[in-house]
Number of protein chains: 2
Amino acid sequence: MATIKDVANLAKVSVATVSRVINNAENVSDKTRETVKKAMEKLNYYPDANARALSQQNSKTIGIVVADVSDPFFGAMVSTVEKVASKTGHFLLIGNGYHNEQQEYNAITHLIEHRCSSLVVHAKMLPDNKLVRLMEQVPGMVLINRSLKNFEKRCISLDDRYGSYLAVKHLIQHGHTKIGYLCSNHEISDSSDRLQGYKDALKEYNLEINSNYIAFSSPNEQGGEQAMMALLERNREITAIACYNDSMAAGAMSVLYDNDIKIPTDVSIIGFDDLLIARYLHPKLTTIRYPLHTMAEQAAELALRLAKGEEPPSNLINIFTPTLTKRYSVNKIG
Amino acid sequence: MATIKDVANLAKVSVATVSRVINNAENVSDKTRETVKKAMEKLNYYPDANARALSQQNSKTIGIVVADVSDPFFGAMVSTVEKVASKTGHFLLIGNGYHNEQQEYNAITHLIEHRCSSLVVHAKMLPDNKLVRLMEQVPGMVLINRSLKNFEKRCISLDDRYGSYLAVKHLIQHGHTKIGYLCSNHEISDSSDRLQGYKDALKEYNLEINSNYIAFSSPNEQGGEQAMMALLERNREITAIACYNDSMAAGAMSVLYDNDIKIPTDVSIIGFDDLLIARYLHPKLTTIRYPLHTMAEQAAELALRLAKGEEPPSNLINIFTPTLTKRYSVNKIG
DNA sequence: CTGTTAGCGCCTTCAT
DNA sequence: ATGAAGGCGCTAACAG
């Protein structure tokens, strides 16, 4: 692969001049610029990004770690950050944590090794203390979907508990009292917070919390199927179901259909996240909106600022509030 | 950020020794290794990946370009390649082409600049001649979902036309004769090939090709809605619909429901790709299986081999054959 | 406007 | 088993 030297030789100029052309410096005569460009073209020259990063001490790349790019939730997150990155002339490096502490850690350190000055990190398995150490070392590191003590200003998260509370309250206000909950079995705050929101709503309306009404499984379609089946086995009286997320709701709906239970006539169901799929299930899913796009965008911009040594904007929203998106999967009872 | 020199100083050894520890070289005494590791720990040392890549002339990273990571189809593709990468100790660099020639080109050159020795490229807008030039320059570059003349051995693609033919034949065999087609409006071979497959099947059974039965729109849920509405406006007699992909099918189904048209009682529908969503639509979608996982895996492994200067395995499958996945969205007519 | 040169952080012979 | 030193490709003063 051709180097800057090859180009300089061919164009009969110094490497400095070639470098200037690469970087669009002003002080190069049009004629020289032309010959250099021709030489680059002829040699199929691609400036080595690693060498540039080393020399400039700046890799112009922003890193992101998510649990799994192939999950639509994280896909949307990555996509948003990518847009911010490319708009500011950065390249995006992605790491997958796969819901595993060690892999989350590896992903983050990999990005640090690549000298990403800005980091948007979604890591839920890594314990606080390890995260703290990393946050101290990397000023451009921002946490998304998690709030870390003493670093609140560098965290963008959602009030999960409130979102879930909203969902269940919506069901209660439609007359439901026997409300099941499909819970994620991941041992992270998202799961416990959302479950807590469910309980909050029940308590507020003096409804009993029945552990038979709660089923745990993986927070995806298949998990939704399993959890729904478990719930069905144990109860016939449930008239409404709140779900950890839209994917579980989709799985649950398919099981309900298989059992000839009509939605929302027989059973109402509500999701969480408001992913694309919610609009294309039948009936269209009523759900809780997770303002992922805005949050990811803010996180990316914050990371960029912090990396430059700037302060977080004073009006920055660190904890977002979910809202209800009404569609057609919830009915008044009776 | 600490450098190898800092570590060497603190550990009172030379940088060479530190380098050996970093690379797990044999010839370092246990004692020295210990002190060096302690020093690294103390300084929060992260070896600079850019410097290593430069010095080793090998970035240990594989690059992938897709149209859009946030699209579930490409999410799955990226995820598969990522697994191959991490299994072989590589890091993954992702570029988005956004269905745009210039952006596809930029994405690829970015990856080349980062000295990814292996490249898995999904680029459909870039014309053949540009692609040829790149393929010539980068021996570890592999094309996915596209076949390039004279580079067939470095391409992994699907027989789109046959897949679509299979789908429509399936509908015909269920007695349908008035069959609509929801076509992608992207001007790429995928669109025209799949449309051609639709026509092939009709011809084989001596059915008329009616241009009123074909609607074009974006190959996503929203496009499916639009195309379906267009079809509905123009025809009442259609009893079955073949779709460019599952996303369009999902959009179409939601429109059919909105218009009180029952699936599959009134209208049968068939998708393409067999993404996760197909199993969670109601009714579960009959579709054409795109063996994406296998294909992406093969592409990644091929790219890795080629980068090492090895030949493609002789038994490599370059053109995959789609298959039919029967579910519940297609009925016998009448 | 252009060239010379000293690093950037790390690896890799080659000595010792 | 360890150290010294040149080089990877590029940038950034500094000179001219």
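Below, read A as the first sequence line, B as the second, and so on, with proteins coming before strands; counting in each chain starts at 1.
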Where chain A begins and ends its contact with DNA chain C, read 5' to 3' at 4.0 Å from heavy atoms: C:dC1 to C:dG9
So if I take the C1' atoms of five pairs at each end of the helix from C:dC1-D:dG16 to C:dT16-D:dA1 and get each local axis, what angle do the two axes make, rounded to 10 degrees? 30°
B:Arg52: what forms a salt bridge (charged side-chain N to carboxylate O under 4.0 Å, His left out) with it, not counting sequence neighbours? none
Applying side-chain contact (heavy atoms from CB on, under 4.5 Å) to A:Ser157 and not counting sequence neighbours gives A:Ser147, A:Ile319
Residues 118-133 of chain A vs side chain to side chain donor-acceptor pair (under 3.5 Å), sequence neighbours excluded, gives A:Glu101-A:Lys130, A:His122-A:Asn145, A:Lys124-A:Ser189, A:Lys124-A:Asp190, A:Asp128-A:Arg146, A:Arg133-B:Asn44
Residue list, side-chain contact (heavy atoms from CB on, under 4.5 Å) with A:Lys5, at least two apart or on another chain: A:Thr3, A:Val15
By side chain to side chain donor-acceptor pair (under 3.5 Å) - contacts of A:Ser117 (at least two apart): none
Going by ring pair (Phe, Tyr, Trp, His ring centres under 6.0 Å), name the residues that satisfy it together with B:His90, two or more places apart in sequence or in a different chain. none
Is there any side chain to side chain donor-acceptor pair (under 3.5 Å) pair reaching into residues 102-116 of chain A, and which pairs are they, with sequence neighbours excluded? A:Gln102-A:Asn106
If a pair satisfies ring-ring contact (aromatic ring centres under 6.0 Å, His included) and one of its residues is in residues 4-56 of chain B, list it, with sequence neighbours excluded. none
Is the distance between the ring centroids of A:Tyr290 and A:Phe73 less than 6.0 Å? yes
Would you give a per-nucleotide map of nucleotides 6-16 of chain D, 5' to 3', where B means the base has a protein non-hydrogen atom under 4.0 Å away, S means only the sugar-phosphate does, and - means neither? -BBBBBBB---
Under the rule for side-chain contact (heavy atoms from CB on, under 4.5 Å), what residues qualify as partners of A:Ala299, not counting sequence neighbours? A:Val120, A:Val142, A:Ile144, A:Ile156
